[in-house]
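Heads up: the structure comes next, in structure tokens.
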Amino acid sequence: MNDPRKPQRDDRCPSISVDEILDLDTKEVPPEVREDNWRDVGTAPVSASRYTSAEFFEAEKAKMWPNVWQMVAREEELPDPGDYVVYNNVGRSYLVVRQKDGSVRAFHNVCLHRGRKLRTESGAAQDFQCPFHAFAWNIDGSLKHIPCQWDFKHLEDRDMTLPELRVERWQGFIFTTESEDQVSFEEYITSDVYNNFKRWRLDECYTALWVGKVINANWKAVSEAFMEAWHSIVTHPQILPYTGDANTRYSMWGDHANLALTPFGMPSPHLEAQGLSEQDIMNAFNRTSGRAASTDKGTLEANETARRVMAANNRVKFLEELGYDSSDASDSEMLDAFTYNLFPNLSPWGGFAPNVCYRWRPWPDQHATLMEVRLLGRKPKGEPMPEAAEMRFLTEDEPWATVKDWGALGEVFDQDMENLPYVQEGLIASVNDRVEFGAYQEGRIRQFHQTMDKYLEGKLP
């Protein structure tokens, strides 16, 4: 590209910057997209044993997981009063329940009689009767019934209400924490991030596709594979003709939020010597991109770019045809990957194109992870919210590419997952017990390790 270059910081890719790409947008780019919120988090290595040690895993369970905000459900998973979601993680189990007034409450999923889980699967109920001895609770957590009450008179003076968790709701996501000391969710991710998503209105979206699979690697190692873009150079070579992997701009907010903004519709800096044409970029995009709407347009006009044509096509497919105004939706918001990460284990994408959302949970220990991928589709304007798709749980032998509904994304996920078990094996075998991160492109991984340390040292919440 022959556009004049602005001066580059010497710690960034010397190719065209995100700001320069945004300058070429066909519409005004909003401040939420322009903001560059990078900070220096140092270059210290982290210990490989953080990913492999049983002691470190137990410390996470005791000091981090109960004290953070965890995404436990989406609103469309429990549309009606009495609908509930069972959320399990690191030995805890929660019931997330829609109340009669439309609010959502969460309770520990444990019978207060003999400790059985009240429910093992999500569903709908008028009450929660324990399958063991029929103790029962109302959906608001209050005690409803004790069989053989003559034998439990001593419980009349005891609190038999199901223990409750704090709940907050944001952009269609439902979060819980056990901690009374944790700040509000808005303060947790910062007001900047909290408010950025108001523009993209994920509360108008629903879970259109949901796939999960157990990966034989630590949950941090799996999540970190999605916290930088430049691994595409060798892991995803088919997307390099239209993915600015090394151009990606990274931002951080507070302790719990960060962003990788990866531009699409431009070739990777690693391919600059190939001199790809706009038509080459367009052809590759249509052939291998799983997130954008393909276009029937064959040959680009002389003054057209692949980025502008694909963004315009996405405006039609993902906003206008659903009844929404697209007049202020920038090319970037219709095309680029806004990969936010919210500590510890959630990655909701911003923008207006179908939004990807990742969640990672230990399954069940430090050597395996349940990775879940959701595609959030925008509902037609004025129509009722569709119910969430149920999670398709892939077996060990089922590739992600067997899910045909997300097109070429399945191949991308399979390429990522091929690395991860060998990452875990390498971390176990590490002789120097050291993992090194890049200063810029992998800085937000280091940020989250620093946040983890604050929880383990009792500095947070």
Side-chain angles (χ1 to χ4, degrees), residues 50-54 56-74 77-78 84-96 106 108-110 117 119-122 165 167 173-179 182 185 188-189 207 209-227 256 339-349 356-376 388-396 398 400 413 416-417 420-421 423-424 427 445 448-449 451-452 455-456:
R50 297 168 75 92
Y51 302 87
T52 63
S53 160
F56 194 88
F57 180 69
E58 291 301 318
E60 291 177 346
K61 286 173 60 177
K63 298 180 179 180
M64 186 274 290
W65 286 109
N67 291 308
V68 295
W69 285 106
Q70 296 185 57
M71 193 279 277
V72 293
R74 286 274 307 171
E77 291 180 67
L78 50 163
Y84 64 90
V85 167
V86 175
Y87 176 78
N88 298 310
N89 191 23
V90 290
R92 293 286 210 270
S93 186
Y94 307 147
L95 285 170
V96 185
H108 286 268
N109 181 25
V110 180
K117 283 185 176 181
R119 290 292 185 274
T120 57
E121 295 182 353
S122 303
L165 299 94
V167 171
F173 297 100
I174 300 170
F175 296 85
T176 63
T177 182
E178 295 183 22
S179 173
Q182 185 56 268
F185 183 71
Y188 182 84
I189 66 171
T207 302
L209 183 64
W210 184 5
V211 183
K213 186 173 181 176
V214 176
I215 312 301
N216 292 320
N218 181 267
W219 70 274
K220 296 185 293 298
V222 178
S223 67
E224 289 163 13
F226 298 86
M227 292 179 71
H256 302 101
T339 313
Y340 284 84
N341 278 74
L342 308 181
F343 186 87
N345 65 329
L346 183 68
S347 177
W349 287 30
V356 182
C357 180
Y358 307 129
R359 181 171 65 180
W360 303 276
R361 287 180 276 174
W363 208 263
D365 59 22
Q366 71 270 24
H367 295 303
T369 301
L370 173 60
M371 175 164 178
E372 301 164 72
V373 182
R374 298 184 191 225
L375 288 187
L376 302 182
E390 294 187 5
M391 185 175 75
R392 175 177 171 181
F393 208 127
L394 298 177
T395 65
E396 183 177 1
E398 284 184 289
W400 295 81
F413 293 138
D416 286 313
M417 303 311 156
L420 291 168
V423 169
Q424 189 69 11
L427 290 166
I445 302 176
F448 270 16
H449 279 277
T451 298
M452 175 71 78
Y455 278 96
L456 301 191

(request) Side-chain contact test, heavy atoms from C-beta onward, threshold under 4.5 Å: evaluate it for L95 versus V86 and give yes or no. (result) yes
(request) Supply the atom-to-atom distance F57 CZ to N218 CG, rounded to the nearest 0.5 angstrom. (result) 8.0 Å
(message) Once rounded to the nearest 0.5 Å, what's the spacing between atom CH2 of W210 and atom CZ of R74?
(response) 11.0 Å
(request) Answer yes or no: is there a donor N or O on one side and an acceptor on the other, between the side chain of Q424 and the main chain of P421, under 3.5 Å? (result) no
(request) Look only at the side chain of E396 and the backbone of K213, and say whether a donor-acceptor pair between them is shorter than 3.5 Å. (result) no
(request) Side-chain contact test, heavy atoms from C-beta onward, threshold under 4.5 Å: evaluate it for R374 versus V356 and give yes or no. (result) no
(message) Are L342 and F448 packed together at the side-chain level, in the sense that at least one heavy-atom pair is separated by less than 4.5 angstrom?
(response) no
(request) State whether the side chain of T369 and the backbone N or O of M371 hold a donor-acceptor pair below 3.5 Å, judged by distance alone. (result) no
(request) Measure across A221 and L420 and return the closest heavy-atom pair with its distance rounded to 0.1 Å. (result) O-CD2, 3.7 Å
(message) Under 3.5 Å, is there a donor on one side chain and an acceptor on the other for E224 and Y51?
(response) yes
(message) Over 60° means perpendicular and under 30° means parallel, so tell me whether W363 and F393 are parallel, tilted or perpendicular.
(response) tilted
(message) Can you confirm whether the side chains of W219 and E60 place a donor and an acceptor under 3.5 Å from each other?
(response) yes
(message) For a side chain to side chain contact (heavy atoms under 4.5 Å, CB included) check, start with the C-alpha distance between V373 and W400, then their side-chain angles and the critical distance, and finish with the verdict.
(response) CA-CA 10 Å; V373 182; W400 295 81; 3.7 Å; yes
(request) Assess whether salt bridge (charged side-chain N to carboxylate O under 4.0 Å, His left out) is satisfied between R392 and E398, documenting all intermediate values. (result) CA-CA 11 Å; R392 175 177 171 181; E398 284 184 289; 3.3 Å; yes
(message) For the CE atom of M227 and the CG atom of N341, what is their distance to the nearest 0.5 Å?
(response) 4.5 Å
(request) Please check if any side-chain donor atom of E178 sits under 3.5 Å from a side-chain acceptor atom of Y94, or the reverse. (result) yes
(request) Would you indicate whether the side-chain heavy atoms of L165 and T177 approach each other to under 4.5 Å? (result) no
(message) Can you confirm whether P66 sits close enough to R92 that some side-chain heavy atom of one is under 4.5 Å from a side-chain heavy atom of the other?
(response) yes
(request) Look at the side chain of R50 and the backbone N and O of H449, then say whether any donor-acceptor pair between them is shorter than 3.5 Å. (result) yes
(message) So, taking the atom named OG1 in T52 and the one named CG in D365, what distance separates them when rounded to the nearest 0.5 Å?
(response) 11.5 Å
(request) Check whether any side-chain N or O of Y188 sits under 3.5 Å from a backbone N or O of F343 as a donor-acceptor pair, and report yes or no. (result) yes
(request) Check the angle between the aromatic planes of F173 and F175 and answer parallel, tilted or perpendicular using the 30° and 60° thresholds. (result) tilted
(request) Kindly compute the distance separating CZ (R359) from OG (S347), expressed to the nearest 0.5 Å. (result) 13.0 Å
(request) Given side chain to side chain contact (heavy atoms under 4.5 Å, CB included), test V423 with V222 step by step and report yes or no. (result) CA-CA 9 Å; V423 169; V222 178; over 6 Å; no
(message) Looking at every heavy atom in both E77 and A388, which two are closest together, and how far apart are they?
(response) CG-CB, 3.7 Å
(message) Side chains of P344 and W360, heavy atoms from C-beta outward: is any pair under 4.5 Å?
(response) no
(request) Taking the side chain as every heavy atom from C-beta outward, state whether I215 and L370 have any pair of such atoms under 4.5 Å apart. (result) no
(request) Tell me, with the steps shown, if Y84 and E121 meet side chain to side chain contact (heavy atoms under 4.5 Å, CB included). (result) CA-CA 9 Å; Y84 64 90; E121 295 182 353; 6.0 Å; no
(message) Can you list everything that forms a side-chain hydrogen bond (donor to acceptor under 3.5 Å, both in side chains) with Y455? Sequence neighbours excluded, please.
(response) Q182, H256
(message) Which label fits Y358 and F226: parallel for a plane angle under 30°, tilted from 30 to 60°, or perpendicular past 60°?
(response) tilted
(request) Would you mind reporting whether V72 and V85 have side-chain heavy atoms less than 4.5 Å apart? (result) no
(request) Apply side chain to side chain contact (heavy atoms under 4.5 Å, CB included) to N89 and list each qualifying residue two or more places apart in sequence or on a separate chain. (result) W65, Q70, Y87, R361, P362
(request) Not counting sequence neighbours, which residues clear side-chain hydrogen bond (donor to acceptor under 3.5 Å, both in side chains) with N109? List them please. (result) S93
(message) So, taking the atom named OG in S223 and the one named CG in N345, what distance separates them when rounded to the nearest 0.5 Å?
(response) 8.0 Å
